[in-house]
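Below, all heavy atoms of this structure are taken into account, side chains as well, without hydrogens, waters or symmetry copies.
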Amino acid sequence: MEFEFSVDENEAPPPSGFDLGHMDVRGDRGEATSRDRTPDQAMMVYLSLPLLMDGLRRFLPGRDRSFTTSAVDSSFSLTFRRGKDGSIETLHDGTVIDRSSAEDLASAVLTGAERFAAPRLPLLPGNDAGREDLEKSLAEFGDFVAQLRRRNSGE
């Protein structure tokens, strides 16, 4: 499973935590994207990423059967559904994109978020709200993924 986040190529400088961007999700059963859709589904990507990570951090260790996250300023959404065997299905518009373990899903989201943030966060002002939210969520989600990995490796 792979998550890719990007800033829309039409965004004018200077960079801002409110910039519009896209999410691309690829899994073993399909893919979903916010690109090239009518109506436009570009999202405030710096603000949508924390919603996704914070929501998964609450959903994955819990007992809820499903969790839906909607992007900020967009109609794009993903639903995560827990299977009886503990696996997590990722869906977009009712279509299954992937079925994976909680650890694999969380790791894929973290990898995509880190790849997005590493080159872009330094370009935003230190007091930018989008930057602050994403930095905080990345740190907390990184700790959560590390806990999942330790638990699953038997440490």
Side-chain angles (χ1 to χ4, degrees), residues 1-8 17-118 120-121 128-155:
M1 174 151 220
E2 182 181 357
F3 283 78
E4 184 178 345
F5 307 95
S6 60
V7 172
D8 192 283
F18 300 105
D19 282 348
L20 295 177
H22 295 283
M23 181 184 312
D24 298 288
V25 185
R26 289 177 279 288
D28 62 3
R29 298 183 186 189
E31 58 186 54
T33 183
S34 61
R35 298 174 188 283
D36 304 321
R37 299 178 65 100
T38 303
D40 185 15
Q41 292 188 352
M43 65 193 71
M44 290 185 177
V45 67
Y46 289 97
L47 301 178
S48 297
L49 258 167
L51 285 179
L52 172 62
M53 291 186 292
D54 295 349
L56 285 173
R57 193 165 42 87
R58 287 187 295 275
F59 169 69
L60 292 175
R63 292 189 164 171
D64 289 343
R65 299 273 300 137
S66 67
F67 159 67
T68 298
T69 184
S70 297
V72 176
D73 200 30
S74 172
S75 60
F76 186 83
S77 66
L78 293 173
T79 297
F80 302 93
R81 188 168 57 200
R82 190 182 319 276
K84 291 182 181 180
D85 62 356
S87 65
I88 307 294
E89 287 183 329
T90 302
L91 300 93
H92 174 65
D93 286 343
T95 301
V96 176
I97 299 166
D98 191 79
R99 184 179 187 144
S100 53
S101 69
E103 179 184 348
D104 288 347
L105 169 61
S107 293
V109 170
L110 180 62
T111 297
E114 289 174 336
R115 284 183 183 152
F116 172 78
R120 289 175 184 82
L121 284 181
D128 184 280
R131 177 181 179 159
E132 291 171 353
D133 285 356
L134 184 50
E135 286 174 333
K136 180 178 186 288
S137 291
L138 265 173
E140 291 172 350
F141 198 68
D143 290 345
F144 171 73
V145 172
Q147 290 172 358
L148 277 178
R149 290 175 179 155
R150 281 193 301 275
R151 185 177 328 142
N152 291 337
S153 70
E155 289 180 28

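Between Leu60 and Ala106, the shortest heavy-atom distance links the atoms CD1-CB, 4.0 Å. When every heavy atom of Phe5 is checked against every heavy atom of Val109, the shortest pair comes out as CE1-O, 4.2 Å. When every heavy atom of Leu148 is checked against every heavy atom of Ala102, the shortest pair comes out as CD1-O, 4.1 Å. In plain terms, the two heavy atoms of Asp85 and Ser87 that are nearest each other are OD1-OG, 2.7 Å. Looking at every heavy atom in both residues, Ser48 comes nearest to Val72 through OG-N, 2.8 Å. Residue Ala108 comes nearest to Met1 through the heavy atom pair CB-O, 3.5 Å, listed as atom of the first residue, atom of the second, then distance.
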Test side chain to side chain contact (heavy atoms under 4.5 Å, CB included) on Met53 and Leu134 and set out the steps. CA-CA 9 Å; Met53 291 186 292; Leu134 184 50; 3.7 Å; yes

**Q.** Candidate pair Val45 and Met23, rule side chain to side chain contact (heavy atoms under 4.5 Å, CB included), full reasoning
**A.** CA-CA 8 Å; Val45 67; Met23 181 184 312; over 6 Å; no

Item to complete: Start with the C-alpha gap between Glu135 and Leu121, add the side-chain angles, then the distance that decides, and say whether side chain to side chain contact (heavy atoms under 4.5 Å, CB included) holds.
Response: CA-CA 8 Å; Glu135 286 174 333; Leu121 284 181; 3.7 Å; yes

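Here CG of Leu49 is found 11.0 Å from CG of Asp133. Values are rounded to the nearest 0.5 Å. Atoms CZ and NZ, on Arg65 and Lys84 in that order, are 7.0 Å from each other to the nearest 0.5 Å. In this structure, the separation between CG on Asp8 and OG on Ser34 is 8.5 Å, given to the nearest 0.5 Å. The distance from the CD atom of Glu132 to the NZ atom of Lys136 is 11.0 Å, given to the nearest 0.5 Å. Of the inter-residue distances, the one linking Phe141 atom CZ with Asp54 atom CG reads 9.0 Å to the nearest 0.5 angstrom. Taking CD1 from Ile88 and CZ from Arg99, the interatomic distance works out to 9.5 Å, rounded to the nearest 0.5 Å.
Between Phe116 and Val7 there is a side-chain heavy-atom pair separated by less than 4.5 Å. Between Leu78 and Phe3 there is a side-chain heavy-atom pair separated by less than 4.5 Å. In this structure the side chain of Arg82 never reaches within 4.5 angstrom of the side chain of Phe67, judged on heavy atoms. No side-chain heavy atom of Glu31 sits less than 4.5 Å from a side-chain heavy atom of Val25.
In this model, no donor atom of one side chain and acceptor atom of the other lie less than 3.5 Å apart for Ser6 and His22. Under 3.5 Å, the side chains of Ser75 and Gln41 contain a donor-acceptor pair of N or O atoms. In this structure, a donor-acceptor pair under 3.5 Å is absent between the side chains of Asp98 and Thr90. Remark: the Ser137 side chain and the Arg57 side chain contain no N/O donor-acceptor pair separated by less than 3.5 Å. Using a 3.5 Å distance cut-off with no hydrogens or angles, the side chains of Asp93 and Thr95 do not pair a donor with an acceptor.
Judged by a 6.0 Å distance limit and a 45° cone about the ring axis, Arg120 is not positioned over the six-membered ring of Tyr46.
With hydrogens and angles ignored, the 3.5 Å screen pairs no side-chain donor or acceptor of Arg81 with any backbone N or O of Glu89.
Between Phe59 and Phe80, the ring-plane angle classifies as tilted under the 30° and 60° cut-offs.
Other residues, nucleotides and ligands contribute at most 12 non-hydrogen atoms within 6.0 Å of the CG atom of Asp36. For CZ of Arg35, the number of neighbouring non-hydrogen atoms (other residues, nucleotides, ligands) closer than 6.0 Å is greater than 12.
With salt bridges taken as basic N to acidic carboxylate O contacts below 4.0 Å, one links Glu4 and Arg26.
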